[in-house]
Amino acid sequence: MLLAIPLLPLLGFLINASFGRRISKAAAGAVACGAMLASFAIAVASVVRLASLEPDSRAIVSRAFTWISSGDFTADFTLRLDPLAAVMILVVTGIGTLIHVYSTAYMHEETAPEYARYFSYLNLFAAFMLLLVLGSNFLVMFVGWEGVGLCSYLLIGFWFEKRSASDAGKKAFIVNRIGDFGFVLGVLLAFVRFGTIDFQQIARAAAPMSPEAGFGTISIITLLLFVGATGKSAQIPLYVWLPDAMEGPTPVSALIHAATMVTAGVYMIGRNAVLFAHAPATLTVVAVIGTATALMAGTIALVQNDIKRVLAYSTVSQLGYMFLAMGVGAYAAGIFHLFTHAFFKALLFLGSGAVIHALGGEQDLRRMGGLKRDLPITYWTFLIGSIAIAGVPGFAGFFSKDEILFRTFASGHAALWTVGLLTALLTAIYMFRIVFLAFFGERPPEPVAPAHPEEEEPAAKGGHATGPTHLAHPTHLHDAPPAMALALIVLAIGSVLAGYASLGGRFERFLEPSFAPERVEEVADRGLELTLTAVSIAAALGGIAIAAYFFLKNRRAADRMAERFAGVRRLLQNKYYVDEIYNGAIVQPIRIVSENALWKAIDVRVIDGAVNGVGEAVTGASDILRRLQTGSVRAYAASLFLGVVLILGYYLWP
Amino acid sequence: MPPGISTSDFYYILPELVLTAGALVVLIADVLLPRERRSALSWVTLAAVGATLASLLPFTSTHVEVAHGLLAVDRFALFFKIVFLVAAAITVLMSVRYLAIEGASPGEYYFLILCATLGMMVMAGGIDLITIFIGLETMAVSFYILAGFIKPNQRSNEAAVKYFLLGAFSLGILLYGMSLMYGLSGTTNLRVMATSFGAMAGDSRLALAVILVVAGVGFKIAAVPFHMWAPDVYEGAPTPVTAFLSVGSKAASFAMLIRIFVEGLPSASEDWRLLFWVLSIATMTVGNFAAVTQTNVKRMLAYSSIAHAGYVLIGIVAGTSRGITATLVYLMVYSFMQLGAFAVVVMLRRADVVGDELKDFSGLASRNPFAAFAMLLFMLSLGGIPPTAGFMGKFWLFSAAIDAHYYWLALIGVLNSAVSLYYYIRIVVFMYVKKETLGSEPTTSPTLAVVLAVAVAATLVLGVYPQLLFNVAAASARTLGAAGATAALR
């Protein structure tokens, strides 16, 4: 039964990949959506069955076959559904289905083979993501982990006419390699330390130990795993790929780069909660990195002009919150934020997609305005999403964010709490900046020339020039077509209701078996909780008010602010120059070494010298022999000989 | 009948005899068949390979020494013989259209392919320096000619001459080492040698022999710093020959390496472990970093093949039975993905386009989705991404290294496979996310389609269900050494 959950999307992939060129668009879309819907149905049935089990034995295990077995080492291809995985599969299949439905309308201008190709990648992604969250050991998880990376990479580069798109795909892939390097080492080290790669067995082996006081093996293992998480979940220092990943189609951004794949790192820490709990040093690192990322990305989001980039940095920032929660040991709160965030961030991305779709590919906030009238469904749903993420009481984001901030404070991390609160304020500001710029006021009749041409981001231009279609300022705008509207409305409802899942600690209790035997401590201080809640509500409302003042009532004030703090603004607009620093400090040196030392010195001079000679040489073996005698072969033989001499020398040296 | 040879010995070398007969049939058929029907020779060749495979059947659990210790017929040899024959069959299927385009005569070509295969089989079975040497030469001479087989092509000629000159030079080094081994032990039989070397551990003359043999074998497996010939020869040789060279010849050389070092020189294992440790790291690193900047796919695959020799050496360094198992597993897995990748390159070959430049892969995904998907799979597998066979192979190698406490080696191996993904994925970028340009139009033929289908199936199946291969490889590794004695392995 469990196996069917990832197998159905895989089947959808196989059908669309094999016959996609021959079937109609409607059929391709139906296959993909049908596969996801069926998978969702089975997921719901499985979770219902899971919930009916006793809390102590709340897990459904489905062992497909013994994958590898040799002496002391075995790895089964086993899927395991526990409460944590249950939350994840509901998110992946549920929100995944909605985004598939949305895509049928969003991608309708693609040709039939392209359309099928898109849906085949999307289904394949879902299959790997489900494998990632259902895998019962690191090996199965790693299959999913790499698979989703590959699909993400293919989908980012889907519009390959855009050079920026294929560059972004490549960047995502390479940055994730660094993360995966850490992840693989972490898994290998865990195997050395515990003799197994099964999550349950590792947790059982680690549970009786006392937490490491200093920086021991478990700290190294968890830190390496966290390096993998920073790659996949876009945290400092590896977050740079996610904003560029917005070059892909918007539904892809919603599904992969907001709701599911990027949360894999958070999920992985939750999955190994017991192990991480034994490495306080690592947890501190996780919390600090998460908080720093949240703040940094939040500030960058304030000044970006590309609507999808603001949302991308917002995602990075919210992921930072989740890591903060993991770092302070509030695993349930972190996963809860993952859950609610999936709703409202998917909603916001799909809403921005509806705007971009209506405006014929326009992504620049400065060329939007007044869309409230023309796109009512988009407006209202986007507004609900913005309220939810800002943390206004009654909406989903409030419950989860408040929980994280409270846990942070209660666990004695007052400094992290302060930064988290500041980030909450920033979140409200940049989200309502979008709302006011895009949906209120008037749309500028002519494209505005950027005030400072040198500051204009190239990406914004790239996004402007392409997209599904590009119509120059259509006079009449169409709101989201039915398939898109359906997804928006369902997600909007979710963005309100998802938060209530935690009332009375239900969500936490449901997840508890997954993080056992680590007990989540009860904090009884109601007074403190209420005070902190009041403070974070104030931050959310204050942020909205600030945004309203600057971007609704008095836009000149915003310009004046920008002029007064031109230096800060430039720093933020250039994203703290991190890309440039990485390029100068890492990319260029590697390139120089590779090209000059290895390529030019050895290859071009010695080998290409000989090969280029071929073109110039007159035909005839004598020429070859002449060149061989005076050139490369002798050099090659010398290198052979030199190798022997070197080894001999090493040996004979006393 | 010469003394010391009995009729039963001929029974045990039945597969070799069948293959020899097949090669001769090809040669005769080449003369008898009219010119326009010579393409049928490929089927004769395939039949010969098939017959040889079938003749291996009686020996699935044989464990004997033939002709007083010249050859061993055991599962270890059997495993390698299957690798060689499968690789040969795939190479033949790949060659059909390639030879037609190049206008080369198929008769000698297929004959030489079979001769090379025969040499490899002798190398894998050889437990005597003389036998190993004869097998090595049979294989090497065939490859010298095959590398230069496209006579009007200067690059092909150059590759042949270079390969021959450097091969002869390295052979000198190898022979010198072998003669030292003989001089020190008074025998050429590796198993007898192992016992007489037992008391000689630490002798500097033995160390000298080890070093020279390592250098000679290092040339054959293209280990750094003995690798310089490989990129030139691989790029210049006809693509199917390159494929066979990088798979068959490499696997055979590893078989020879394991026979010589694990069976013949266990007492000097401290010495050769250290040497191979250094060679492994150098080979992986240089191979991968040099591949990064290549724009010619054949040349890139050549460097990738060098890097893979480095990975395989990890299993040898570990030296445990798990390490040798991992080596065998990896060589089998590597054969399929490497041959598959070359088959895609052959697909892009047309009369007027060489088709091995990176830009020839532009937009392949929309021109030929199946070929692109197959290539994607081979690249992921070569890079070690699950759920492909390459991942399983690497996983096994690295875990063998960790098991034998070679942590640094495993670490550098993992780092290298991360680097290698950069250039493998570059091909994927060209196929999937680059606009269609004037790339070479891929032309499928039924034989090439079969090659791709087989390679894709093997790459996926061995990735998803590797257990059977692991078990077979482990059983093969256990038969190393004289019957009943597994002392050769730690």
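Please read these numbers as outputs of a predicted model, since none were measured by experiment. Each chain gets a letter, A, B and so on, in the order its sequence line appears, and its residues count up from 1.
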Residue, of I402(B), I425(B), V214(B), I385(B), that accumulates the most heavy atom pairs under 4.5 Å with chain A: I425(B)

Where Q467(B) and W67(A) come nearest, the two heavy atoms and their spacing: OE1-O, 3.3 Å

Taking every non-hydrogen atom, the tightest pair across Y465(B) and T66(A): CE1-O, 4.1 Å

Exceeds 12 heavy-atom contacts within 6.0 angstrom, atom CZ of R63(A): yes

Pick from L208(B), V278(B), D271(B) with the largest number of heavy-atom pairs that fall under 4.5 Å of chain A: D271(B)

Among V419(B), L421(B), L415(B), side-chain contact (heavy atoms from CB on, under 4.5 Å) partner for F181(A): L415(B)

Contacts of Y163(B) that satisfy side-chain hydrogen bond (donor to acceptor under 3.5 Å, both in side chains) - sequence neighbours left out: none

Atom group of L150(A) that falls short of 4.5 Å from chain B, counting heavy atoms: side chain

Other residues, nucleotides, ligands: >12 heavy atoms within 6.0 Å of F164(B) CZ: no

Between L212(B), V464(B), L411(B), N471(B), the one whose heavy-atom pairs under 4.5 Å with chain A are most numerous: V464(B)

Chain A interface, residue from P225(B), S399(B), A410(B), G218(B) that has the most non-hydrogen pairs under 4.5 Å: P225(B)

Criterion side-chain contact (heavy atoms from CB on, under 4.5 Å) on V192(A) and H405(B), from CA distance to verdict: CA-CA 9 Å; V192(A) 172; H405(B) 306 290; over 6 Å; no

F370(B), CZ: over 12 other non-hydrogen atoms inside 6.0 angstrom: yes

Inter-residue atom distance L154(A).CG - M431(B).CE, 0.5 Å rounding: 9.5 Å

Residue pair V428(B) / F173(A), side-chain heavy-atom distance below 4.5 Å: no

Largest heavy-atom contact set with chain A, pairs under 4.5 Å, which of P387(B), A418(B), A215(B): P387(B)

Interatomic distance, E146(A) atom CD to L380(B) atom CG [nearest 0.5 angstrom]: 9.0 Å

Y407(B) and L185(A), any side-chain heavy atoms less than 4.5 Å apart: no

Residue, of P466(B), A474(B), A365(B), G236(B), that accumulates the most heavy atom pairs under 4.5 Å with chain A: P466(B)

Pairs meeting criterion salt bridge (Lys or Arg N to Asp or Glu O under 4.0 Å) with involvement of residues 389-404 of chain B, two or more places apart: R322(B)-D403(B)

Contact origin within V143(A) toward chain B - heavy atom pairs under 4.5 Å: both

Per-residue contact mode, L131(A) against chain B (heavy atom under 4.5 angstrom): neither

Geometric class of the F142(A)/F391(B) ring pair [parallel <30°, tilted 30-60°, perpendicular >60°]: tilted

